[in-house]
Amino acid sequence: MGYVENYRRWLDLCDERGKRELESISGDEKEIKERFTLPLAFGTAGMRGTIAYGIANMNVYTVARATKGLADYINACNAADRGVVISYDTRNFSYEFAVTTARVLGAQGVRVYLFENVRPVPVCSFAVRDLKAIAGVMITASHNPKEYNGYKVYGEDGAQMSPEATAQVVSYIDKADYFGIPTEEITQDREGVKGGNGKKISEHITVIGKDVDERYYAEVAKLTLSPEAVAAEGPGMKLVYSPLHGSGYVPVTTMLSRMGINVDVVEEQRLPDGDFPTVGMPNPEQPDALALGIKLAEKTGADAVIGTDPDCDRMGVAVRDSEGRFMLLTGNQTGALLMDYILMRRAERGDLPANGAVVKTIVTTRLADKIAAHYGVKSFDVLTGFKFIGEKIKEWESSGEYTFLFGYEESYGYLSGTHARDKDAVVASMLFAEMVCYYQYKGKRVCDRLNELFGMFGCFCESSTSFAFKGLDGMAKMKAIMDSARENPIADVCGKKPVSETDFEKGVTVYADGSEAPSGLPKTNVIKYDLGDDEWVCIRPSGTEPKLKLYVSVNAKTVEEAKRRNTAFTEDLKKKILG
């Protein structure tokens, strides 16, 4: 069926709101073509798109179709009684999409555990494991702009659904229509769901909430490492926190309060708001996301600022530098500091496992490898995507070969503990606040420890730059760029020749002398050049959006030199890849 026929069919069959929206674009062939040519892709991270009517967008019909496919997969596994956990964040239509998901699953005979109100990603992941569910669905678009929402699927281990299982779900989705999908009636409106913790609101749907929260908090509390430092410094410490209008407010402030750490919340960003009116993007990677937090911290004399994204799986921080001014830490720096703190404290306490291991992605700083080796801990690289860190945890739980201690990726996602299998900004916020207390207890600041690490291992400076390719031909343009990069390998970056090139799609590393070795990781569309001296560059298309990312990591004797080298390497790489 062509895009015009798809458009006309939706005009005939969708609800009144949809009809009005689609009638408003009746003369815009380009917009109709964008919305009705290709369906919204469902990959290993689920699906994500702009909120609008059409097969290429996020709306109740695309959500219902995806859920029908998920239900068919679960029934084929004879696992309907185990149930599906459904959580949602503060984005526009998150609640509506969550209820649609619940009603479609219920109509297919699948048990549903629907959270009574917004909950973050880590609580959803935890709940899947806690309730022994077969799957989980998190309605979120993470840190994307307000126009977006998404549908993230978890497997029974609490990690993002595996590629193999996802492929099976997609095969069922492809057979489903957008219209006429049965739904189960529920007895509660939104306010009733909020107050319905523990109640059944239909034959198959049970509302969950505080009991699961308390079990989650109990697991998180086990991860604290410095109670004596927190007891001494926490009550007097000044810390600023912002949930950026998202789902982190209750769990983050609950944990900090229970620990006895004083925290001021950015009032303008405290309440849920899917329009995210105080930021350009609700993304802690963006400098402006923490601007209001830093403003409040300057007023109160706070030592640190923490911000979490709408689904509270990513955390950004700002700390005072040696001159007392606030500096934003990168995801690489924050992850390295948290890893160092966890390994240091466990070594000091004498409970660092002999088979301890940490996991990071292939585009995350090698400073992490240096820190791990310093404590006698093994470091592993996995592909980009936290599901691969989750796979390592599962593998080691089965084999007993290693004990998972920490995992992180450069894009501000961290996990300590095995209670969840996705990024956990609640735990990260708790540990970061505790780390601030610990260093104050020792008479120094977080920035002092970062400088010590740079003195020990070199000044690492990493960056990632994204380039968007919009429109129906966006993916094709990115493919052409990647094809060209494979046909014409980079000879040098700022005159520095690669010591090896790894094409992860081919699964091969080629060294400067022409020798080859397997990459050792699953195949994916990524090219990475090792420049020696712990420096590298990488080219990777996004798996969920039409964006191409260029990553650069350098290592120098001073921070200033590292920044200069990173800027030069980035510009040279951009010129050679994008022209």
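Below, each value reflects all heavy atoms present in this structure, side chains not excepted, and no hydrogens, waters or symmetry copies.
A donor-acceptor contact shorter than 3.5 Å links the side chain of Asp288 to the backbone of Gly280. Under a 3.5 Å cut-off, the side chain of Arg9 and the backbone N or O of Cys14 do not form any donor-acceptor pair. With hydrogens and angles ignored, the 3.5 Å screen pairs no side-chain donor or acceptor of Asp72 with any backbone N or O of Tyr172. Formation of a donor-acceptor pair under 3.5 Å by the Glu462 side chain with backbone atoms of Ser553 is not found in this model.
Here the CD1 atom belonging to Ile55 is positioned 4.5 Å from the CG atom belonging to Asn6, to the nearest 0.5 angstrom. Interatomic distance, CD of Glu409 versus CD1 of Ile362, reported as 11.5 Å (0.5 Å rounding). Put simply, CZ on Arg48 and OG1 on Thr140 are 7.5 Å apart, with the number rounded to the nearest 0.5 Å.
Under a 4.0 Å N-O distance rule, the pair Asp572/Lys496 does not qualify as a salt bridge. Of the charged side-chain nitrogens involved, at least one lies within less than 4.0 Å of a carboxylate oxygen, so that Lys392 and Glu395 count as a salt-bridged pair. By the 4.0 Å N-to-carboxylate-O rule, Glu397 lies close enough to Arg421 to be salt-bridged with it.
Atom NZ of Lys528 has more than 12 heavy atoms from other residues, nucleotides or ligands within 6.0 Å. More than 12 heavy atoms of other residues, nucleotides or ligands shown are found within 6.0 angstrom of CZ on Phe380. No more than 12 heavy atoms of other residues, nucleotides or ligands shown are found within 6.0 angstrom of CZ on Arg8. Crowding of Lys563 atom NZ: a count of heavy atoms from other residues, nucleotides or ligands under 6.0 Å not exceeding 12.
Counted by atom type alone, Asp422 and Ser125 present zero donor-acceptor pairs between their side chains at under 3.5 Å. Neither side chain, Thr330 nor Asn332, offers a donor N or O lying under 3.5 Å from an acceptor on the other. Defined by atom type and a distance below 3.5 Å, a donor-acceptor pair is missing between the side-chain atoms of Thr90 and His245. Inspection of the Asp89 and Ser94 side chains reveals an N or O donor paired with an N or O acceptor under 3.5 Å. Tyr7 and Arg35 share no side-chain donor-acceptor pair at under 3.5 Å.
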* Asn92/Asp275 under side chain to side chain donor-acceptor pair (under 3.5 Å): CA gap, chis, key distance, verdict -> CA-CA 7 Å; Asn92 294 326; Asp275 288 330; 3.0 Å; yes

* Under the salt bridge (Lys or Arg N to Asp or Glu O under 4.0 Å) criterion, do Asp533 and Arg366 qualify, and how do the steps go? -> CA-CA 10 Å; Asp533 307 312; Arg366 288 185 182 167; over 6 Å; no

* To do: Could you give me the CA-CA distance, side-chain angles and deciding distance for Glu401 and Lys378, then say whether salt bridge (Lys or Arg N to Asp or Glu O under 4.0 Å) is met?
  => CA-CA 11 Å; Glu401 186 176 4; Lys378 182 78 171 175; over 6 Å; no

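Among pairs with a residue in residues 46-73, those fulfilling ring pair (Phe, Tyr, Trp, His ring centres under 6.0 Å) read Trp10-Tyr61, Tyr61-Phe179, at least two apart in sequence or across chains.
Contact check for Lys547 versus Phe467: no side-chain heavy atoms found under the 4.5 Å cut-off. Using a 4.5 Å cut-off on side-chain heavy atoms (C-beta onward), Ile134 and Val84 make contact. Two residues are said to be in side-chain contact when any heavy atoms from C-beta on lie closer than 4.5 Å; Gln333 and Phe454 meet this criterion. Put simply, the side chain of Glu561 does not reach to within 4.5 Å of the side chain of Cys459, judged on heavy atoms. Looking at heavy atoms from C-beta onward, Tyr178 lies in side-chain contact with Pro39 at the 4.5 angstrom threshold. Two residues are said to be in side-chain contact when any heavy atoms from C-beta on lie closer than 4.5 Å; His143 and Glu285 meet this criterion. Side-chain contact between Val377 and Met339 is absent, with no heavy-atom pair separated by less than 4.5 Å. Two residues are said to be in side-chain contact when any heavy atoms from C-beta on lie closer than 4.5 Å; Lys549 and Thr465 fail this criterion.
In terms of heavy atoms, Ile490 sits closest to Asp492 at CG2-O, 3.1 Å. Counting all heavy atoms, side chain and backbone alike, Lys360 lies closest to Ser379 at CE-OG, 4.2 Å. Smallest separation of non-hydrogen atoms from Ile181 and Val104: CG2-CG1, 3.8 Å.
Each of Leu415, Val358, Leu343 was evaluated against Phe406; a single residue qualifies, Val358, per the side chain to side chain contact (heavy atoms under 4.5 Å, CB included) test. The side chain to side chain contact (heavy atoms under 4.5 Å, CB included) test with Val537 singles out one residue from Leu531, Asp530, Ile527, Thr570, and that residue is Leu531. The side chain to side chain contact (heavy atoms under 4.5 Å, CB included) test with Tyr408 singles out one residue from Ile389, Thr365, Thr334, and that residue is Thr365. Partner Lys423 forms a salt bridge (charged side-chain N to carboxylate O under 4.0 Å, His left out) with one of Asp311, Asp313, Asp309 and no other, that one being Asp313.
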